[in-house]
Amino acid sequence: MEKTGIIGWISPSNIAIVKYWGKFKHQIPMNPSLSFTLDSSFTKTILQYKQGSGKIQFLYEGQTKPEFEDKVIRFIKKLNLSFLEEFDLIIDSENTFPHSAGIASSASSMSALTLCITEMEQRVVGEIDNFKQLASLRARIGSGSACRSIFSRASVWGQIIQFNNTSNLYAVDWSDKLHQEFRMVDDWIFLVNQSQKKISSSLGHELMNEHPYRYARIDQANKNILELIKALEIGDWGKFILICEEEALSLHALMMSSNPGYCLLEPESLRIINMIRDFREQTGLPVCFTIDAGPNIHMLFPTLIRNSVQSWLDTYFQDYIKENKIITDHIGDGPSKILSIL
Ligand code: PMV
């Protein structure tokens, strides 16, 4: 048994096209979701372990951060892994993008941490059969959307009866099912507001329990995911755009029509949405938007038209460029191991 060691993983955030919104006990989603895995928006986590008595210390960018530490400890305890009782852990984590701003930092951080812990288990306990599936299942416990970050390019989480490899317990790799048209996609994120959001996703999910549109939403997501899968398979950007924007606006409409209702969008979010739509109408280029649980706008388009989008941005968004308020990301290859020291 290895008594001491250091493990490091980087794991990206992901952006859902069909959104997970609402859950049952044990993080079972009310509806299936499909996301693209990002590339440069990631968390880097280093886990140091040595023989001990189950102490866990968490650092964010090398500094203590009690609110994050509590969340991490609660998550690790929930995993209920007996081998951890014989070790002390120091976990050091950092993000390449602002956390708590609706860019799914919990997806990247929980998946990076889970990959470190699952690899530690592999080292100290023994070989794990389906490493990624187990990591995805565990990451789900930390944050639902985190289970989708384990895979490259595209993942599906949640049972779809037509696809018997799908599951509510973990995400599955959807990258092989992407048409050439969707293998290189950019996601440029307009940072409208980077401060901590007022209403957490956890509360948002909870409000779906008594939501007047709950069943309509489940139906809508189930229908949209089948159509999205088809569009991704045949390379249909037109259909993709319709579903992607419908999902984004529906997510925020569900928040507004919850009880109590709330709105995370800002006037500036709506201005950018309209500008993206105008740009599409005027040029015929396949650009569209999606939105996570926050005011920031994700602009999606094929990497092939990057130069046209850059010229549009140079014309209309100089202030964003100057203030570094645009993250230029794209679909990526998923998590990678960065460190492994015994
Ligand atoms: O993983 P959570 O509990 O933070 O929920 C994320 C929900 C959305 O980001 C709004 C949608 C999604 O599917 O990622």
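Here, residue 1 is the first one in the sequence, and each next residue gets the next number. Both counts, for ligands and for their atoms, begin at 1 and track the order of listing. All heavy atoms count here, side chains included; hydrogens, waters and symmetry mates do not.
- Considering both main-chain and side-chain atoms, Y20 comes within under 3.5 Å of ligand 1 through a nitrogen or oxygen pair.
- Of the candidates Y320, F317, F301, F289, W188 forms a ring pair (Phe, Tyr, Trp, His ring centres under 6.0 Å) with just one, namely F301.
- Backbone and side-chain nitrogen or oxygen atoms of N14 are examined, and none is located within less than 3.5 angstrom of a nitrogen or oxygen of ligand 1.
- Counting atoms of ligand 1 from 1 in the listed order, those under 4.0 Å from a heavy atom of S143 are 1 (O), 2 (P), 4 (O).
- Atoms of ligand 1 found under 4.0 Å from any heavy atom of G144, numbered from 1 in the order shown, are 1 (O).
- Applying the 4.0 Å criterion to heavy atoms of S106 picks out, from ligand 1, the atoms 4 (O).
- Remark: the backbone N or O of T96 is not paired with any side-chain donor or acceptor of K44 at under 3.5 angstrom.
- Residue S33 has no nitrogen or oxygen atom sitting less than 3.5 Å from a nitrogen or oxygen atom of ligand 1, judged on distance alone.
- Using modelled atom types and a 3.5 Å distance limit, the side chains of D186 and T303 yield a donor-acceptor pair.
- Residue H205 has at least one N or O atom closer than 3.5 Å to an N or O atom of ligand 1.
- Taking a cutoff of 4.0 Å between a charged side-chain nitrogen and a carboxylate oxygen, K223 and E246 do not qualify as a salt bridge.
- Contacts between R148 and ligand 1 below 4.0 angstrom, taking non-hydrogen atoms only, involve the side chain exclusively.
- Between L226 and Q162, the shortest heavy-atom distance links the atoms CD1-NE2, 3.5 Å.
- Judged purely by atom type and a 3.5 angstrom limit, D292 has no side-chain atom pairing as donor or acceptor with the backbone of G294.
- The pair R217-E247 counts as a salt bridge, with a side-chain nitrogen and a carboxylate oxygen less than 4.0 angstrom apart.
- Within the 4.0 Å heavy-atom shell around ligand 1 one finds W21.
- For a threshold of 3.5 Å applied to N or O pairs, the pair formed by K19 and ligand 1 contains no separation below that value.
- Close contacts of ligand 1 with S201, meaning ligand atoms under 4.0 Å from a residue heavy atom, involve 4 (O).
- Within the 4.0 Å heavy-atom criterion, the part of A16 lying near ligand 1 is the side chain and not the backbone.
- Salt bridge status for R271 with E268: present, with a side-chain N to carboxylate O gap under 4.0 Å.
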